[in-house]
Amino acid sequence: MAEEVKLFGTWGSPFSRRVEIALELKGVPFEYIEENVSDHKLKSPLLLKYNPIHKKVPVLLHNGKPILESLIILEYIDETWKQNPILPQDPHERALARFWAKFIDDKVNPPVWRALLGSGDEREKAMEEVKEGLETLERVLNGKKFFGGETIGMLDIAANFIAFWLRVVQEFSGLEFLTPDKCPALTKWCDEFVSCDVVKEHLPPREKLIAFTKNWLSGNGWTD
Amino acid sequence: MDEVKLFGFWASPFSQRVIWALKLKGVNYEYIEEDIPNNKSNLLLHYNPVHKKVPVLVHGGKAIVESSVILEYIDEVWPQNPLLPNDPYERSVVRFWAKFIDEKTRPMWEFLDKFGEEQEKAISKNFEILKTIEENIGLEEKKFFGGDKIGVADLIFGWVIDILVAQEEVVGVKFIKADTFPRLHAWMKNFGEEPTIKNNVPDHNIIVDYLKKRRQSFRISAHP
């Protein structure tokens, strides 16, 4: 039976890219629809139909049914296509993966943007939060090659933001979130992660992301 | 049989969800009441060094933290009376609502801690949040958020039957009425009448008393 898998996403979003990586890892063919996220009026009627509450990407459509929220989509993908599991088998390990994925989205991602947008004390505070978060994750990695062990798992995929977006922001802004002296294993992890076959096709073009972010910072809105 | 312990706080909605889940599954556990916020035990800080919060479930010496992560863990380890559907798509829908309710209803506490115009705004916001849930969660077709049995999304919204009701009494406002929110109103009745839930809520007057004191302390700090 031919399964219809569609992904509504956007090139610059780490959340969107997570889903691409998971589908690639599982060898699931899908149709990709690029959404214009800068302007609500330009979002496709289909996206608004499938995600009326948040009106956001990514949305995974499987045989006509929409699945929303990147981490929820990852769980769905793992439950639907059993090859190359991305979550561990053991319930406690699974709980840890879920906890740390949430930690990245709640405690690491937002202060990166706050640091970039803010200045003075606000910037300092945000930077401290990011650094603390990264140092915590360094301990979580605990000398492993990937959070998932020998191969990437859900937590590695969820940490895509750190491996790419955070480092891009760091390079063009000069804000030193992640340093090899404080986080040697995590720094190495970043390089390993972005070199993975299933990951490297699913990262935004670096220069395009920098230009886009700079444009956004100068108050021109999140436009393409 | 591995030992189960729960570190909680009697007035915490997050703690309460976990108690309900364990009770619904008939899991025996030792409960440790934490003196929140000022006198957290060393054990709690040991098991949850990152967030230092309740609830914390400790199973066979391993800690699981964050109520939504704990609920998924409980459902996986003790599969009787499942809190999530079997079907991956249905699971993703329940997870979406669980996350939505968890995140969107957190600020609903603000109306208790604010005064004057700020309080009015907070009350207004609460009505909006409830409206979104009422209109989108599909309760017209089912008894509970997950179907005909209580599931994670119900447990996460469950604080409205005891804590919100007590908050309403302290402030003098009523949110979920039969004529304005018929579906949520019916849900509250169904959820509140389930014996396991009914038998595991703190005494209404004790909550009211606690919340009055809390509001008073906010009043003092707002108007020194």
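Quick caveat, the model's predicted, so the values are computed rather than measured. All chains are named by letter (A, B, ...) in the order of the sequence lines, taking the proteins before the strands, and each is independently numbered beginning at 1.
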Give a yes or no on this: more than 12 heavy atoms of other residues, nucleotides or ligands lie within 6.0 Å of atom [atom1] of [X].
| X | atom1 | result |
| --- | --- | --- |
| B/K104 | NZ | no |
| A/E201 | CD | no |
| A/D191 | CG | yes |
| A/E132 | CD | no |
| A/D121 | CG | no |
| B/E117 | CD | no |
| B/K149 | NZ | no |
| A/Q89 | CD | no |

Item to check | Stepwise side chain to side chain contact (heavy atoms under 4.5 Å, CB included) check, A/F103 with B/E66 | outcome: CA-CA 10 Å; A/F103 178 83; B/E66 287 279 337; over 6 Å; no

Item to check | Heavy-atom proximity to chain A below 4.5 Å, by part of B/V93 | outcome: neither

Checklist entry - Side chain, backbone, both or neither: which part of B/R95 has an atom under 4.5 Å from a heavy atom of chain A? => result both

Next on the checklist: So which atom in B/I64 and which in A/A95 form the shortest heavy-atom distance, rounded to 0.1 Å?
Outcome noted: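 Where B/I64 meets A/A95 most closely, the heavy atoms are CG2-CB, 3.8 Å.
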
Item to check | Exercise: identify the closest heavy-atom pair between B/A63 and A/H92 | outcome: O-NE2, 3.0 Å

Checklist entry - For chain B, which residues from residues 136-159 of chain A have at least one heavy atom closer than 4.5 Å to it? => result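 When heavy atoms of chain B are the reference, residues 136-159 of chain A contributes A/T136 within the under-4.5 Å range.
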
Checklist entry - Counting a contact as any heavy-atom pair under 4.5 Å apart, which residues of residues 65-82 of chain A contact chain B? => result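 Under the 4.5 Å heavy-atom cut-off, A/K65, A/P66, A/I67, A/L68, A/E69, A/I72, A/E75, A/Y76, A/E79, A/T80 qualify.
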
Item to check | CG-CD1 distance between B/N136 and A/I53, expressed to the nearest 0.5 angstrom | outcome: 4.0 Å

Checklist entry - Hey, what's the ring geometry for A/F99 with B/H51, parallel, tilted or perpendicular (30° and 60° as the breaks)? => result perpendicular

Next on the checklist: Does B/E103 form a salt bridge (Lys or Arg N to Asp or Glu O under 4.0 Å) with A/K102? I'd like the steps, not just the answer.
Outcome noted: CA-CA 12 Å; B/E103 289 174 359; A/K102 196 167 186 290; 5.7 Å; no

Item to check | Those residues that, when tested against A/R123, pass side-chain hydrogen bond (donor to acceptor under 3.5 Å, both in side chains) (two or more places apart) | outcome: none

Item to check | Partner set under side-chain hydrogen bond (donor to acceptor under 3.5 Å, both in side chains) for B/N48, not counting sequence neighbours | outcome: none

Checklist entry - For A/R98, is it the side chain, the backbone, both or neither that has a heavy atom under 4.5 Å from a heavy atom of chain B? => result both

